[in-house]
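Below is one structure, written out as structure tokens; the observations come after it.
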Amino acid sequence: MFQQRLARARAAMVDRDIDVLLLSVGADLPYFCGYEAMPLERLTMLVVPRDGDPTLVLPHLEAPRVVERPDVFEMVTWRDGEDAIALVVDRLGGAGTAALGDQTWAGFAVDLLDACPNLRLTRSSEITAPIRMVKDDAEVEVLRSAAAAVDRILADVQAGEISLVGRTEADVAAQIARRIIEEGHQRVNFTIVASGPNAASPHHEAGERALRSGESVLFDIGGTMEGPDGVGYCSDITRCVHIGPPADGFRELYEVLHASHSAGVAAATVGTPCEAVDAAARRVIEDAGYGEFFVHRTGHGIGVEAHEHPNIVEGNDLPLVAGHAFSVEPGIYVPGVWGARLEDIVVATDDGPDSLNLIDHRLAVVDG
Ligand code: ZN
Ligand code: ZN
Ligand code: ZN
């Protein structure tokens, strides 16, 4: 698997005239070699020359964490006090252009340019994003398993099986975080629990506000689940529930949101540009007069990272191909009053859009 992925990266390097790919912290590294570097101040770097064998340069003390794959990469360790950048530079073989991991610490980029002033740097995503964003069947199945896991949690919320009234957002968020692990993820990425007017802030951090009757609560949760060869894939879902009967205004807003979501998913067919999916969802909200309250793109790609390419956004004319996995998540946010979002992960297939999240889209009303 890793060899095939690296072969694709090399082909892209030839196309783009890039001599070496340098991957450090971030999701490219596990995707291409199965090892995820801790975000440490010590340098870890996979050096992938266009025409040579990859080397993983890493701190000696991290070596026990590496699953060695001699058929994929050679391992070279360095000890505290040694010049790690020099180990990388030794392996550049006079490279003129290097594609450097987008999330590499800027400090290492500076050190690299100090050591090689003529080296031209580009972002690794130029090479890696087009490869990573097209999921094969095995990757889609891990995404589907992760989606099913968060579905089970929010289905319980919709059914009123997780008590809400009187508890703080943070308390409910902590319970959901435990469930994310119990349902089969290895990592919790986020647990947004936003009550009442807090839901008007799309990335609200669950806090000390207590949930109360007569208000809506927005849940946006996700984690990372391990798939083949230990590489993890992400879940991401949003649902809103209302504690007690909703006001007419909120019900109306939610109906618009649901129609927007349906339009976005229906538009997500192979060959449709990403921006047309955004436009399809956005038009419904604009036509209903809520356009100014839909303040973000309609969606983002998902895979090894919770947010990756392709973005479902105006200006992205990339046509969907089978295997693109992304969220469709329109939102309407009225500052100080209320907010709502509805989010599923969708995979473009030759048979049409395949929604990985399957639980009810309607506004669930729970007792309060
Ligand atoms: Zn989300
Ligand atoms: Zn999302
Ligand atoms: Zn629906």
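Hydrogens, waters and symmetry mates are skipped; everything else that's a heavy atom, side chains included, is used. For ligands, and for the atoms within them, numbers begin at 1 and follow the listed sequence.
- Note on ring orientation: taking the six-membered ring where Trp is involved, the planes of His261 and His361 are perpendicular (angle over 60°, cut-offs 30° and 60°).
- Ring pair His296/Phe294 is perpendicular by interplanar angle, where above 60° counts as perpendicular and below 30° as parallel.
- Coordination check, His307 versus the Zn ion (ligand 2): failed, since every N/O/S atom of the residue sits at 2.8 Å or beyond.
- Taking 2.8 Å as the criterion, Glu329 does not count as a coordinating residue of the Zn ion (ligand 1), since none of its N, O or S atoms falls below it.
- Of all N/O/S atoms in Asp236, OD2 sits nearest the Zn ion (ligand 2).
- Of all the N, O or S atoms in Asp220, the one closest to the Zn ion (ligand 1) is OD1.
- At least one donor-acceptor pair closer than 3.5 Å links the side chain of Ser24 to the backbone N or O of Thr44.
- With ring centers used as reference points, His300 lies 6.0 Å or more from Phe326.
- Closest N/O/S atom of Glu343 to the Zn ion (ligand 2): OE2.
- For the Zn ion (ligand 3), the N/O/S atoms of His361 include one lying under 2.8 Å.
- The pair Glu139-Arg5 counts as a salt bridge, with a side-chain nitrogen and a carboxylate oxygen less than 4.0 angstrom apart.
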